[in-house]
There are 2 protein chains.
Amino acid sequence: MELEEGKHKFIQSWGTLGSHWGINRTMAQIHALLLISNGPLSANDIKEGLNISMGNTNMNIRALIDWGLVYKELIPGERKDFYVAEKDMWEVVRRIVTQRKKKELEPLTRVLNELQKVEGDDEETQEFKKVVKDIHLFSGKANTALENLVRSDSKWFIGTFMKMIK
Amino acid sequence: MELEEGKHKFIQSWGTLGSHWGINRTMAQIHALLLISNGPLSANDIKEGLNISMGNTNMNIRALIDWGLVYKELIPGERKDFYVAEKDMWEVVRRIVTQRKKKELEPLTRVLNELQKVEGDDEETQEFKKVVKDIHLFSGKANTALENLVRSDSKWFIGTFMKMIK
DNA sequence: CTTATCTTTCAAAAAGTTTTGAACTTTCAA
DNA sequence: TTGAAAGTTCAAAACTTTTTGAAAGATAAG
């Protein structure tokens with residue numbers, strides 16, 4: 001396999017994976033391109049590298065910076081902005097978990113909380129509250145677990161995790 | 001808050017959450033409806049409960065069964081099929097992890113494997129291979145971790161996990 | 001200043017995904 | 001058997017998300 005073909009395949013695969021992880025395809029492809037480029041790329045390099053419009057490039061770079069998956073790097077003497085990818089996969093996972101926790105788990109928790117307030121002491125209401133409470137409890141646990149995961153150090157975590165579970 | 005309003009909110013929230021987890025909105029709403037219904041529902045009950053078409057109902061019930069999130073239950077003397085939700089959240093998470101591992105992580109691993117075959121011993125190629133190898137290694141670990149997670153028992157896991165991490 | 005280069009914005013178009021509904025198939029009680 | 005009820009399929013329509021491109025906004029060198 002040629003290097004160029006390999007790079008292309010990598011970008012495609014990373015894009016596909018990303019699109020299942022709340023990162024849209026282009027966003028993930030930009031990240032992939034930066035991962036395998038040697039050195040920082042400008043918005044224009046990215047636009048040309050992926051054959052996408054400038055608007056699209058700009059939007060998605062900003063989203064990536066927002067997620068903490070890409071950093072802006074200023075090169076002395078250069079007019080343009082340059083960008084580099086976060087290359088530590090553990091950090092990438094942490095950033096994604098952090099974002100998604102905030103955007104998904106927290107809103108759910110808020111709703112479940114509210115739902116405890118439904119009125120009525122008939123059996124149907126009690127049953128409903130029970131289901132909601134169960135889920136609420138579970139998502140509380142999930143939230144704590146993920147918070148710890150995000151806080152923990154990668155080597156330690158993976159090491160311990162792997163041994164413990166088994 | 002009224003019970004009906006509460007149920008409605010729950011279904012909406014579960015639908016939103018699901019759509020970020022590879023389960024489409026309707027699929028997740030069906031699961032939610034079943035979670036809070038007392039007793040099994042027929043396809044028609046679900047259709048009416050959520051105001052969706054029969055086709056849509058059918059497609060999504062089958063997908064849910066496929067994922068292992070809903071079971072078919074035959075009621076003696078009844079012509080129709082009835083359905084119940086998997087209510088154990090831990091099991092729900094396991095099913096989802098299993099599916100997504102199969103559909104996302106495994107294909108990625110296959111590609112990364114192939115990518116080790118790119119030819120060339122120039123620096124650029126070596127650099128590329130290094131990045132790919134890193135990611136390959138990481139996804140191998142993720143895969144094992146998730147596999148263990150899926151295999152482990154819920155109470156034990158959550159208990160230990162929570163104590164260990166921290 | 002002025003101008004050329006780079007970045008941002010956003011409405012409209014394209015692409016992708018989900019839903020519908022009508023036709024078709026299966027099932028089972030009579 | 002037969003036919004009414006239940007379940008399935010799939011192309012087209014509705015809806016959602018992403019992408020484009022053109023215009024406007026910044027910025028820095030001359």
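Order of the sequence lines fixes the chain letters, A, B, ..., with proteins taken first and strands second; residue numbering starts at 1 for each chain.
Using bins of under 30°, 30° to 60° and over 60° for the plane-to-plane angle, the ring pair W14(A)/H31(A) lands in the parallel bin.
Checked for salt-bridge contact, R95(B) and E91(B) meet the test: a charged N lies under 4.0 Å from a carboxylate O. Salt bridge E106(A)/R110(A): absent, no basic N to carboxylate O contact under 4.0 Å. At a threshold of 4.0 Å, the pair K101(A)-E147(A) counts as salt-bridged, since one of the basic side-chain nitrogens sits closer than that to a carboxylate oxygen.
Between N24(A) atom CG and dG16(C) atom P there is a gap of 12 Å when expressed in whole angstrom units. One atom, CD1 of I23(A), and another, P of dT17(D), lie 17 Å apart when rounded to the nearest Å. Here the P atom of nucleotide dA22(C) and the CE atom of M59(B) are 16 Å apart, to the nearest Å. Rounded to an integer number of Å, the gap from R62(B) CZ to dT8(D) C1' is 7 Å. Rounded to whole angstrom, the span from the CG atom of D66(A) across to the P atom of dT8(C) amounts to 12 Å. When the C1' atom of dA6(D) is taken as reference, atom CG of L41(B) falls 16 Å away, rounded to whole Å. The CD atom of E78(A) sits 10 Å away from the P atom of dT7(C) (whole-angstrom rounding).
In summary, the side chains of E73(B) and Y83(B) do not present any donor paired with an acceptor at a separation below 3.5 Å, with no hydrogens or angles considered. For the residue pair S42(A) / D45(A), a side-chain donor-acceptor distance below 3.5 Å is found, with atom types taken as modelled. When only modelled atom types and interatomic distance are considered, T125(A) and D122(A) share a side-chain donor-acceptor pair under 3.5 Å.
Comparing dT7(C), dG7(D), dT9(C) by their nearest atom to the side chain of D81(A) picks out dT7(C).
For DNA chain D, no neighbouring residue in residues 29-39 of chain B is found when judged by any heavy atom under 4.0 Å. Contacts between residues 44-58 of chain A and DNA chain D, defined by a heavy-atom separation below 4.0 Å, involve I52(A), S53(A), G55(A), N56(A), listed by number.
Counting non-hydrogen atoms under 4.0 angstrom, S42(B) reaches nothing in the nucleic acid.
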Return the polar atom pairs (N/O with N/O) between nucleotides 25-30 of chain D and the protein under 3.5 Å, or none.
from	atom 1	to	atom 2	distance (Å)
dT27(D)	O2	R79(A)	NH2	2.4

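Interatomic distance, I36(B) CD1 to K129(A) NZ, rounded to the nearest 0.5 Å: 14.5 Å.
Atom NZ of K133(B) has 12 or fewer neighbouring heavy atoms from other residues, nucleotides or ligands inside a 6.0 Å radius.
Residue order along DNA chain D, read from the 5' end via each residue's closest nucleotide, puts K80(B) first among R25(A) and K80(B).
A cation-pi contact, defined as under 6.0 Å to the ring centre and within 45° of the axis, links R100(A) to W21(B).
With a cut-off of 3.5 Å on both pairing distances, the Watson-Crick or G-U wobble partner of dA4(C) is dT27(D).
Taking every heavy atom of both residues into account, A43(B) and T57(B) meet most closely at O-CG2, 3.5 Å.
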